Each structure stands twice: as C-alpha cells, then as structure tokens.
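Structure record follows, encoded as structure tokens.
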Number of protein chains: 2
Amino acid sequence: MKLSTKGRYGVMAMVDVAMNSDVGPVSLKAVAERQGLSESYLEQLAGPLRKAGLLNSVRGAQGGYTLAREAGAITVGDIIRVLEGPIAPVDCASEDEGPVQHCAHSQGCVAKSVWVKLRDSIVRALDSVSLADLCEEAKHDDGYPLPL
Amino acid sequence: MKLSTKGRYGVMAMVDVAMNSDVGPVSLKAVAERQGLSESYLEQLAGPLRKAGLLNSVRGAQGGYTLAREAGAITVGDIIRVLEGPIAPVDCASEDEGPVQHCAHSQGCVAKSVWVKLRDSIVRALDSVSLADLCEEAKHDDGYPLPL
DNA sequence: ACAAAAACCCAGTGGAGTGGTAGGATTAAG
DNA sequence: CTTAATCCTACCACTCCACTGGGTTTTTGT
C-alpha cells in the first residue's frame, strides 16, 4: 500500500510549479533544486503530466512549465492517476474496470466488497484536495514548526 | 497503491478459516484447495498471523488453524498490518510514526497533510470491516451473481 | 551566427521487492 | 510407526522502481 515516488514527486513538482509560475514558466532545474529531486527523473514525470493536460510547456531558453488549468481545478488524484495509473488497491477493484471483472469467482471474491470500499475511500481522499489547497497551506506554514 | 498478494491471500485465508473451523481446525491444504492458492505460500502467511495472535494452530495430523479471536473482533486492517506492515501510503505518514518524522522539511512536506488524510481514510476503511462482516456477506451471496 | 538553456525522447541499469518453490525438522493422531 | 499436519529456513526467477546518460530539438540572448 505504498505510493511510488512518481506520485509523490509529481505532487511536489506540481505544487512547486503552482507556487512559482507567477513570474513565468518554471524550469525543471529550478524545481529540482528547490525540492531536492533529480532533474532528469523529473523529466520523466513532466512528459506524462503534459500529455495528460495538466501542464503546459514552453521550450527553449527561459522556458519551463506552467499549470494548464488553475490550481483549484487540479486535484492530487488527477496527478496520481496520470503517474501511477488508475486507482486500484487490487486488480479486481480498479476505477476503470472493464466490462465485468471476475476473479475466479470462488469464495475469494468474498473480499471484493472490502477492496471496492477501500478504493472509494482512497479516491475520495485524493480527489478532495486540490493544488490550491496545498498552496494555501504552504503559505500559512511559512514559520514552519521545525521538527527536532 | 497496490496491495500485495500477501494481504489479499491473507484475507481470503482468514475468511476461509472463519467459515470452516466449526467442525475443527482447518488445514492449509484445505484452504489452498478451496481458494486456489499455493499451500507452501500460505504457510508463510500463517506464521506471522499466528505470532500476531490472530490464529491459533494445532500441530500434528488432523491439525490446522482456528481463529484466535471471534470473527467479529478481527478486522481486515488487523490482517493487512500483520502481513504488509504499518499502513503508510508514504513513509513520512506512517501509522506508527516514531518521535518526529521530518522529510527534509523543505516545501516537499507541503504534501504531508494529504498523505496523512489518505492514510486515515485507508485505516478507517480497513478497520471498519470485520471477518464476521465478510462471512455474513459470503453466506448471503450463495446464489452467486455469475459474471458472463 | 552561435552559445547557452531549456524541453523532449529513449534506452539502459542496479537493486530491492514480489511471489513463489524446495527441503527438511518437529509434533500429534490413528 | 506411518501419516498428516505445522513449522522453519533458504533460495530463486522475475518484475518493477528509481534513476542515469546520451542525444535531439527549440528558443533566447549576445
């Protein structure tokens, strides 16, 4: 039940872009430095995010990325779906389930109701938070409660 | 965001034991046959479940496993925790977080609130369903709505 | 014109984890 | 004393994750 770094870094990067693109497009180099991530790895995330219509890109020097929609219209769930595929704790309880999913309909399927319930919980949690929410929170937490 | 087979098979096995242990302990061989799973793989799940106090075992011929608590007092979450470790969509939002978790408290941690919210959703979903619930459901679904 | 900065693309790679199998030792029933 | 079961440990094939690197194209600034 772990998110991969793709999803995690993707959200970090999108928040970074959201918070820094007021003065122009944000380069991956800048994101990588601020967030402490690998630039070349971020490239692999930016591609899909652009193709999915969450990011716009500007090529060439001084280029970079901007949000393709306003921050309030992009949810964490949107990002996760692009980078990790449809939300599905188990294969037989996927969001985009095809015609009918039959997992060798023995007693095993008894558990399916739990997995569907679990999936719906995850979907609700991820879709209920937008980039705007995270940005707002970030600004507020400026005087950050330091651990240690 | 996928559950591993350990968790899935573990729940299947526990339901099987719950539904078949009224006449005596249930052998892993029987579980494996009914559920279509590998017996030797199930052994690896039964060990931890026993040590965690969810299963009792009876060794020797005619031996097997019974629930260590009543079915209503064992949740799906209990099983998952034993077989997959603490519920934590990302490391910095684990259930059993130690003293303080600091994920390089740069802007990256901005997303932490989402992960915590996500974790809590998962925990609530998994802890709200007991083996008894699943057994009840299984009996009801006897005339099973066949796919195809 | 040209150098630098950026997005793009794609191929490869090391390590860790997943999903098992194999073999044996112990325990108890018939 | 054979058989059926739990128990324990080691091993293995495979996949996927997290990255790295090399190279191409596009644009800006000098």
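Remember, predicted model here, so these are calculated numbers, not experimental data. Here is how names work: the chains are called A, B, and so on, in the same order as the sequence lines, proteins then strands, and each is numbered from 1.
Atom P of nucleotide dT26(D) and atom CZ of R59(A) are separated by 6 Å, given to the nearest angstrom. For the pair Y9(B) OH and dG19(C) C1', the computed distance is 8 Å after rounding to whole Å. The distance from atom CD of E39(A) to atom C1' of dC19(D) is 13 Å, rounded to the nearest whole Å. Between E43(A) atom CD and dA11(C) atom P the separation is 15 Å, expressed in whole Å. Rounded to a whole Å, the CG atom of L42(B) is 16 Å from the C1' atom of dC8(D). For the pair Y41(A) OH and dC8(C) P, the interatomic distance rounds to 18 Å; values are reported in whole Å. Atom C1' of nucleotide dG17(C) and atom NZ of K2(B) are separated by 15 Å, given to the nearest angstrom. When rounded to the nearest whole Å, the span between OH of Y65(B) and C1' of dT6(D) equals 5 Å.
Counting any heavy atom pair closer than 4.0 Å across all strands shown, K51(B) reaches sugar-phosphate atoms only and no base atom. The residue G47(A) sits apart from the nucleic acid: no heavy atom pair falls under 4.0 Å.
Checking side-chain atoms of S128(B) against main-chain N and O of A125(B) turns up a donor-acceptor pair under 3.5 Å.
In summary, R81(A) and D127(A) engage in a salt bridge, as defined by a charged side-chain N under 4.0 Å from a carboxylate O. Using a cutoff of 4.0 Å between basic side-chain nitrogens and carboxylate oxygens, D133(A) and K117(B) are not scored as salt-bridged.
For a distance-only test at 3.5 Å, the side chain of Q44(A) qualifies as a donor-acceptor partner of the base of dT20(D).
Ranking dA5(D), dA6(C), dG21(D) by closeness to the S27(A) side chain, first place goes to dA6(C). With dG20(C), dT6(D), dC19(D) as the choices, the nucleotide that has an atom nearest any side-chain atom of S57(B) turns out to be dT6(D). Set against dA18(D), dT26(D), dT6(D), the side chain of L28(B) has dT6(D) as its closest nucleotide. Of the listed nucleotides (dT20(D), dA6(C), dC8(D)), dT20(D) has the atom at the smallest distance from the side chain of S38(A).
Within the structure, a side-chain polar atom (N or O) of T5(B) is placed less than 4.0 Å from OP1 or OP2 of dG19(C). Contact check, R50(A) against dC9(C): a side-chain N or O comes under 4.0 Å of OP1 or OP2.
Take the nearest nucleotide of DNA chain D for A61(A) and for L3(A): the residue whose nucleotide is more 5' is L3(A).
Residues S130(A) and A71(A) approach most closely at CB-O, 3.7 Å, considering heavy atoms. Pairing each heavy atom of C135(B) with each of A18(B), the nearest pair is SG-CB, 3.7 Å.
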